[in-house]
Peer 1: 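Please see the structure below; I have some questions.
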Amino acid sequence: MIVTSAPGLRTDTVAGLDVGYRGDDEVVGVCVVFDAKTLDVLDEVVVEDTTNFPYIPGLFAFREMPVLLRALDRVTVTPDLLVADGQGLAHPRRFGLACHLGVHTGIPSIGVAKNAMGTFTQPGERRGSMSDLIMDDEVVGRALRTQDGVKPVFVSVGHKIDLDRACAEVLRLAPRYRLPETTRRADTLTKRAASSGRS
DNA sequence: GCGACAG
DNA sequence: ATCTTGTCGC
C-alpha cells in the first residue's frame with residue numbers, strides 16, 4: 001500500500017504537476033521542477049495528449065495520470081518530491097491522484113487540492129494554521145491556511161512522506177500566494193499551451 | 001433510490 | 001477544468 005512516513009527524506013527539488021483541458025479529449029500535461037530552497041525553476045516540460053476517460057470524481061487519476069507520466073518522463077531533473085493538483089489519501093478509497101503518482105514512480109508525493117472531499121473545521125485565520133480533514137471519522141489530510149485570511153488548501157499524503165512534513169513543504173512552497181509555486185507555475189504553463197495550441 | 005463529488 | 005469584463009483591494 002502507501003507509505004506514510006519519511007525517515008531522513010531530503011527534498012531539494014520539488015515538482016509541480018498539472019493538467020489542462022482543451023475539450024473533452026484534448027489534454028495538456030505539465031511538470032515543473034523547482035529548487036525547493038530558492039524556488040528557481042530548474043526544468044519544465046509540457047506535453048499534449050488525448051484522453052477518452054471522462055472526469056469522474058474519485059476516478060480522477062485514470063484521466064490525468066497518462067499525460068502526467070509522459071511529462072515526468074521528459075524532465076531532466078528527477079525531483080525529490082511530487083506535488084499533485086488534487087487529493088492523495090483524502091480520497092473515498094484513500095487513493096487519490098497523488099498516491100497513484102507516488103506508487104507508480106516510487107517518488108515521494110503529496111496532494112494539494114483547492115477543494116476538499118471530506119469535512120473540516122475552519123482553521124485559524126493566520127498563515128500556518130491548520131485543522132484535520134475528516135472522511136468517515138478518519139483523519140485523511142489537513143486544511144492548511146497558506147496566507148492570512150485566504151481560503152485554505154487541502155493537503156494529504158501521497159506516498160513515502162508524513163502529513164506534518166507534507167504541510168511543511170506546502171508552506172515553504174507558498175511564501176506569498178495561496179497556492180504553492182509548484183501548482184501556480186504548472187497551471188500557467190497548462191493554460192498557455194491550451195490557448196496557443198487550440199484548434 | 002437520491003445527492004454529493006478533486007480537476 | 002472551461003466559458004468570460006470589469007472591478008474591488010492590497
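Quick note on labels: first sequence line is chain A, next is B, and so on, each numbered from 1.
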Peer 1: Does the gap between the ring centers of A:F120 and A:F154 come in under 6.0 Å?
Peer 2: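 Distance test on ring centres: under 6.0 Å, yes.
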Peer 1: Students often mix this up, so state it plainly: with edges at 30° and 60°, are the rings of A:F62 and A:F53 parallel, tilted or perpendicular?
Peer 2: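 The rings of A:F62 and A:F53 lie parallel, inter-plane angle below 30°.
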Peer 1: Roughly, in whole Å, what's the span from OH in A:Y55 to P in C:dT2?
Peer 2: 13 Å
Peer 1: Students should find this one: the first and last nucleotides of DNA chain B, 5' to 3', lying under 4.0 Å from a heavy atom of chain A. What are they?
Peer 2: B:dC5 to B:dG7
Peer 1: Name all stems that contain residues of DNA chain C, defined as runs of 3 or more consecutive Watson-Crick or G-U wobble pairs, both distances under 3.5 Å.
Peer 2: none
Peer 1: Does anything in residues 94-102 of chain A reach DNA chain B, meaning a heavy atom under 4.0 Å, and if so which residues?
Peer 2: A:G96, A:L97
Peer 1: What is the distance, rounded to the nearest whole Å, between atom CD of A:E64 and atom P of C:dT2?
Peer 2: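 Computing the A:E64:CD to C:dT2:P distance gives 10 Å.
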Peer 1: Whether A:E181 and A:R176 form a salt bridge (side-chain N of Lys/Arg under 4.0 Å from carboxylate O of Asp/Glu) is what I want to check.
Peer 2: no
Peer 1: Where is the tightest heavy-atom contact between A:K160 and A:P108, given as atom of each residue plus distance?
Peer 2: O-CB, 3.7 Å
Peer 1: Give the stems involving DNA chain B, where a stem is 3 or more consecutive Watson-Crick or G-U wobble pairs (i with j, i+1 with j-1, and so on) under 3.5 Å.
Peer 2: none
Peer 1: If we count only N and O atoms by modelled type, under 3.5 Å, do the side chains of A:Q122 and A:S131 hold a donor and an acceptor together?
Peer 2: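 There is no such pair (donor and acceptor under 3.5 Å, judged by atom type) between the side chains of A:Q122 and A:S131.
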Peer 1: Do A:D25 and A:T51 have a side chain donor and acceptor closer than 3.5 Å?
Peer 2: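 No, no side-chain donor-acceptor contact under 3.5 Å.
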Peer 1: Think A:R185 forms a cation-pi with A:F34, using NZ or CZ under 6.0 Å from the six-ring centre and within 45 degrees of its axis?
Peer 2: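 No, cation not above the ring by the 6.0 Å, 45° rule.
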Peer 1: Please list, in numerical order, the residues of residues 159-186 of chain A that have a heavy atom closer than 4.0 Å to any atom of DNA chain B.
Peer 2: none
Peer 1: Can you pull the side chain to side chain donor-acceptor pair (under 3.5 Å) pairs that have at least one residue in residues 98-107 of chain A, sequence neighbours excluded?
Peer 2: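 Checked against side chain to side chain donor-acceptor pair (under 3.5 Å) - neighbours excluded - no pair reaches residues 98-107 of chain A.
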Peer 1: Might you point out which heavy atoms bring A:T4 and A:V157 nearest each other, and give the distance in Å?
Peer 2: CG2-CG1, 4.1 Å
Peer 1: Between A:R22 (CZ) and C:dA1 (C1'), how many Å, whole number?
Peer 2: 14 Å
